[in-house]
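Read through the structure below, which is laid out as structure tokens, and then see the notes.
Model, not experiment: these values are computed from the prediction. Sequence lines set the chain letters: A, B, ... in the order given, protein chains first and strands last, and positions in each chain run from 1.
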Amino acid sequence: MKEVRVRFAPSPTGHLHVGGARTALFNWLFARHEGGRFILRIEDTDVERSSGELESGILDDLMWLGLAWDEGPDRGGAFGPYRQSERVALYRAGAERLVAEGRAYPCFCTDEELESKKEERRRANLPPQYDGTCRRLSGDERARRRAEGRAESVRFIVPPDSERRLDDLLRGEVVFPSGMVGDFVIMRSNGLPTYNFAAATDDAAMEITHVIRGEEHLSNTVRQIMIYEALGLEPPRFAHIPLILGLDRSKLSKRHGAPNVGDFHARGYPAEAIINYLAFLGWSPPGDREMLSLGELVEKFRLDRVSPSPSIFDEVKLNWFSSQYVKSLGARRYLDDALPHFPQDVKDAYPRERLAEIFEILAENLPSFSRIEEEIAPFRPGIPALAGDAREAVAGARELLSASLVSLGECEEWSAASLGGRIKELGTRLGVKGKALYMPLRAAVTGSLHGPDLSRVMEIRGKESVLRAIRSALAGAETP
RNA sequence: GUCCCCAUCGUCUAGUCCGGAUCAGGACACCGCCCUUUCACGGCGGCGACACGGGUUCAAAUCCCGUUGGGGACGCCA
């Protein structure tokens, strides 16, 4: 049995998108599950838009996610080079061969000519295919155009009977009817190959056994099949996985907030959470478990359990995975990742050990680290601003707050346990309980009606800070 | 416009291939209750879907056809 070889082939014309990341993940999982190899190939044939910076960004993002590759531009391999810009000789040789065999021809049409032809066909309600003008050029006519110095691309001749069938691993048999595509460009006039030609050439040369890619490539496959055929190569198996859509049901793009892996990294999502969430977009294992480690995903991943229908990227569920990971793997493990999200005044106010405690408390329910700034408010050292509900809660409980000032002021052992005891004692003495007891205190100390356990907050804040906040609240309540 | 793909709760999905075991199961979100003299966490419960129409069949979410809806492709982008 042939060794499984799959590839992820991003083009460095943008950042790694969650859609691309999911494609990479499925390839990676499939390779690992099958004991095969995962290859990274950079499709940088669009010189205008590709950049080395974007390429290394993609590599960084993949590494951060934990999707290491066995062969790739940075680490080599037996089938290199792994950057298409470095494989141009191969594509040229292939194209020359196809021209020599009469399966492709030089095309001299200009962009303007192409555009107007397309417009004409569109007006006639015909598919906007190339009309084959240059295919019918005689040798003389070709020579004349060359002499004129016209730019020259290479077009593939689509055979007259061009119905092709694809046995897609996810979708079963897909029939592309004859006439679906016109002669298409395989080599651009700048001497670089187009996507379909380069991808097919490389997948064959790199002995890729399974092409797992987004559904947007499904209709391209007919061209690639014809290229394999013309070149006498055996095509790989194909699996077109469903697209990831935005909330508006269209293909996920920049318009949908922050769909880049790097953005989620910056916003403080654990890589494990992104992986786990992405794995369950379009795939599910038997059983009800959803929290799965990378190792478990590898063990359970099977292509035949990938759904054919597109799914919508739901950040709310990603948040859930994220909070589950922070909670279950332990806050301390993520402390170094989380610390950069702490406001400076908090970092200045507490020693590292205290910061770790604060993070543990917040981690009880923290969708992403970028939410720390908001959730950490009760622990900020300054005097909180009282507004709205908090102000009302304080105003209606002046007696309680004054009494708390005395009681807390007398507190010798400033711990959550003894603080809790004092609050209860205060409640009993003044005959208030529940929200009537806690809310005014909470509001005075933190400026909010929500937050972590009040005794813990007070313990960490420290005696001085807490008393100052209550005094200030009391003073503020006098002047409405 | 043409071609291709897709169609189960608001969202992710199980069940579909091999029709009966399902008044369709789980998760997120939402709501309620319990726990907690506060806030969460947690536990329990609730709300909530087979797009529509025809067939085939004793029986259809499951098979077939059509309609509608959504998406993708139709580039010298990938």
Side-chain angles (χ1 to χ4, degrees), chain A residues 9-11 13-14 43-46 48-50 107 109-111 114 118 121-129 151-155 166 168 170-172 174-177 179-182 184-190 192-196 198-199 213-222 240 242-243 245 247 249-251 277 280-291 304-305 307-314 316-321 323 327 361-362 364-365 378 420 423-424 427-428 432-442 446 448-457:
Chain A
S11 86
T13 54
E43 310 221 321
D44 54 351
T45 55
D46 182 345
E48 311 276 288
R49 294 193 291 156
S50 294
C107 175
C109 293
T110 62
D111 287 347
L114 257 17
K118 196 183 289 175
R121 291 186 62 97
R122 199 159 270 158
R123 266 200 300 273
N125 269 344
L126 290 164
Q129 301 171 349
E152 167 175 357
S153 63
V154 180
R155 274 185 196 274
L166 162 68
D168 191 270
L170 255 67
R171 293 160 205 281
V174 178
V175 180
F176 304 104
M180 188 176 158
V181 294
F184 55 93
V185 172
I186 55 176
M187 292 296 279
R188 290 188 263 247
S189 51
N190 67 4
L192 292 173
T194 56
Y195 164 71
N196 286 114
R213 63 185 5 168
E215 196 203 312
E216 72 234 66
H217 294 294
L218 185 56
S219 35
N220 278 317
T221 312
V222 66
H240 288 96
L243 259 19
L245 274 25
L247 258 11
R249 303 202 138 270
S250 70
K251 192 172 153 186
Y277 174 67
F280 276 78
L281 267 192
W283 171 81
S284 66
D288 285 340
R289 285 187 57 214
E290 296 202 59
M291 289 277 294
D304 60 11
R305 290 196 63 91
S307 147
S309 53
S311 40
I312 293 172
F313 187 80
D314 178 16
V316 176
K317 186 137 188 192
L318 171 61
N319 286 344
W320 179 78
F321 272 109
S323 62
K327 212 179 338 182
I361 292 168
L362 297 185
E364 278 289 308
N365 190 23
I423 295 174
K424 284 177 191 172
T428 316
V432 280
K433 57 181 182 178
K435 289 190 201 300
L437 171 61
Y438 281 84
M439 285 308 166
L441 274 172
R442 180 184 289 283
T446 72
S448 166
L449 263 29
H450 300 275
D453 180 78
L454 189 55
S455 320
R456 283 288 277 149
V457 171

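- Closest to the side chain of P128(A), out of U13(B), C76(B), G1(B), is G1(B).
- Toward the 5' end of RNA chain B, the nearer of the two residues S311(A) and T45(A), judged by each one's closest nucleotide, is S311(A).
- If you take CG of N319(A) and C1' of A27(B), they are 15 Å apart, rounded to a whole angstrom.
- In this structure, the side-chain hydrogen bond (donor to acceptor under 3.5 Å, both in side chains) partners of D168(A), at least two apart in sequence or on a different chain, are H240(A).
- Each of C4(B), C76(B), C5(B) was ranked by its minimum atom distance to the side chain of P177(A); first place goes to C4(B).
- A side-chain donor from one of S309(A) and S307(A) sits under 3.5 Å from a side-chain acceptor of the other.
- Look at CZ on F184(A): it is 12 Å from P on G75(B), rounded to the nearest Å.
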- [ ] Quick one, give me the B/S/- string for nucleotides 28-47 of chain B, reading 5' to 3', where B means a protein heavy atom under 4.0 Å from the base and S means that only happens at the primed atoms, P, OP1 or OP2.
- [x] SS-------BBBSSS-----
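- Using a 4.0 Å heavy-atom cutoff across all strands shown, R121(A) reaches no nucleic acid atom at all.
- Nucleotides of RNA chain B nearest to D288(A) and L114(A) differ in position, and the one nearer the 5' end is that of D288(A).
- C107(A) comes within 4.0 angstrom of no nucleic acid atom, judged by non-hydrogen atoms across all strands.
- C5(B) atom C1' lies 10 Å from atom CG of D168(A), rounded to whole Å.
- Between F313(A) and Y277(A), the ring planes lie perpendicular to each other; the angle is over 60°, past the 30° to 60° tilted range.
- Backbone-only contact: V175(A) has heavy atoms under 4.0 Å from sugar-phosphate atoms and none from a base.
- OP1 or OP2 of A14(B) lies within a sub-4.0 Å distance of a side-chain N or O belonging to S284(A).
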Open item on the list: Treating primed atoms plus P, OP1 and OP2 as sugar-phosphate and everything else as base, which nucleotides of nucleotides 68-73 of chain B get B, S or - for protein heavy atoms under 4.0 Å?
Closed with: ---BSS
Task: salt bridge (charged side-chain N to carboxylate O under 4.0 Å, His left out) assessment of D314(A) paired with K317(A) - done: CA-CA 6 Å; D314(A) 178 16; K317(A) 186 137 188 192; over 6 Å; no
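- Straight-line distance from the CZ atom of R305(A) to the C1' atom of U16(B): 12 Å, rounded to whole Å.
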